[in-house]
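Working notes for the structure below.
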Amino acid sequence: GAVVSQHPSWVICKSGTSVKIECRSLDFQATTMFWYRQFPKQSLMLMATSNEGSKATYEQGVEKDKFLINHASLTLSTLTVTSAHPEDSSFYICSARGGEQYFGPGTRLTVT
Amino acid sequence: AQSVTQLDSHVSVSEGTPVLLRCNYSSSYSPSLFWYVQHPNKGLQLLLKYTSAATLVKGINGFEAEFKKSETSFHLTKPSAHMSDAAEYFCVVSGRDSTGGFKTIFGAGTRLFVKA
């Protein structure tokens, strides 16, 4: 079946630094990619939707200047958490849609 | 607008007894419905999906779910729980919304505990 990968699988960074998370569709082209955030013991919350070559659409309450999303190709989307703070620590999951929707394994971000 | 409600935040069963995880949904358009399982500190695994074919959907690991349009429900069942079924389960609704955009909405999740 279709595979979506994320890199890194986990990352620790210092407060104030920026972190980039990659999401790749390995064997299909994804016209749309989604980014979700999951806090401990909570559900997944959609952060933004991005279509290849256009600006991402952010959900209400998500700061677009803090969470920069780039979807430059049909197989790659990146999420950059800028000036990260401890409250940004979370599990970030991407999803790619090319017909069906497939989820990546997630990236655990810890900001110290 | 689309929404999904998982009626129980947690369910506890004994090993070998049936499992019922309840899910109700709301959607303006014909949705696709999914159940995913997430083990601790792991990613999501698709259990099963409904996409307007048969209303009784069989998934992996003995799970199945029945789409009931009249009740707007998509409950997940398994005849006999196994210890390895202990995990978090998410009901998910997916489809076009009123703006024409594609949305996937997760329920709050149900934690399944399995007692020996």
Side-chain angles (χ1 to χ4, degrees), chain A residues 1-11 21 23-26 30-52 54-60 62 71 89-110, chain B residues 1-11 21-25 31-53 57 59-60 86-113:
Chain A
V3 177
V4 175
S5 70
Q6 284 186 237
H7 178 79
S9 56
W10 59 273
V11 57
I21 303 170
C23 175
R24 293 181 185 272
S25 56
L26 297 185
T31 52
T32 307
M33 286 188 169
F34 308 86
W35 286 95
Y36 294 83
R37 179 168 54 188
Q38 184 182 31
F39 290 108
K41 300 186 186 302
Q42 295 187 26
S43 186
L44 280 73
M45 299 301 295
L46 179 64
M47 298 174 67
T49 302
S50 72
N51 293 296
E52 184 263 339
S54 61
K55 290 184 178 180
T57 301
Y58 290 81
E59 295 299 302
Q60 193 171 9
V62 178
H71 190 170
S89 299
S90 187
F91 194 49
Y92 291 87
I93 300 175
C94 78
S95 175
R97 183 168 180 259
E100 297 277 344
Q101 186 173 359
Y102 302 93
F103 288 87
T107 297
R108 185 162 301 284
L109 170 64
T110 301
Chain B
Q2 294 182 119
S3 68
V4 58
T5 302
Q6 291 183 242
L7 298 167
D8 306 293
S9 60
H10 63 274
V11 169
L21 305 183
R22 299 182 295 166
C23 173
N24 287 108
Y25 71 93
S32 295
L33 295 161
F34 308 80
W35 276 98
Y36 285 87
V37 61
Q38 186 180 37
H39 288 89
N41 298 311
K42 299 289 186 182
L44 297 168
Q45 181 181 19
L46 178 65
L47 283 177
L48 50 81
K49 63 181 179 182
Y50 165 78
T51 55
S52 75
V57 182
I60 63 171
E88 188 84 18
Y89 291 79
F90 294 101
C91 181
V92 179
V93 62
S94 180
R96 298 282 175 194
D97 61 18
S98 56
T99 68
F102 183 87
K103 280 282 179 71
T104 296
I105 305 297
F106 279 73
T110 298
R111 169 74 61 177
L112 176 64
F113 297 93

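Naming: A, B, ... by sequence-line order, numbering from 1 per chain.
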* To do: Could you tell me whether Glu88(B) and Lys41(A) have a side-chain N and a carboxylate O separated by less than 4.0 Å?
  =>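 No.
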* Keeping the roles fixed (side chain from Ser43(A), backbone from Gly107(B)), state whether a donor-acceptor pair exists under 3.5 Å. => yes
* To do: Name the member of Arg97(A), Gln101(A), Arg108(A) that forms the most heavy-atom pairs with chain B at distances under 4.5 Å.
  => Arg97(A)
* **Interchain contact, Leu46(A) with chain B, by part (heavy-atom threshold 4.5 Å)** =>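 Leu46(A) touches chain B through side-chain heavy atoms alone.
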* Asked: Given that the side chain runs from C-beta out, which part of Gln38(A) has a heavy atom under 4.5 Å from chain B: side chain, backbone, both or neither?
  ->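 Side chain of Gln38(A) only, per the 4.5 Å heavy-atom cut-off to chain B.
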* **Step-by-step side-chain contact (heavy atoms from CB on, under 4.5 Å) determination, Phe34(A) to Lys103(B)** => CA-CA 9 Å; Phe34(A) 308 86; Lys103(B) 280 282 179 71; over 6 Å; no
* **Phe91(A) and Lys42(B), any side-chain heavy atoms less than 4.5 Å apart** =>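 Sidechains of Phe91(A) and Lys42(B): no contact.
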Region of [X] in contact with chain A, defined by heavy-atom distances below 4.5 Å:
X: Gln45(B); answer: neither
X: Thr104(B); answer: both
X: Lys49(B); answer: side chain

* **Phe103(A)-Phe106(B) aromatic ring centre distance below 6.0 Å** =>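 Centroid separation for Phe103(A) and Phe106(B): below 6.0 Å.
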* Does NE2 in His7(A) sit with more than 12 non-hydrogen atoms of other residues, nucleotides or ligands closer than 6.0 Å? ->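 Counting other residues, nucleotides and ligands, NE2 of His7(A) stays at 12 neighbours or fewer.
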* Structure fact -> Smallest heavy-atom separation, Phe90(B) atom then Gln42(A) atom, equals CZ-O, 4.1 Å
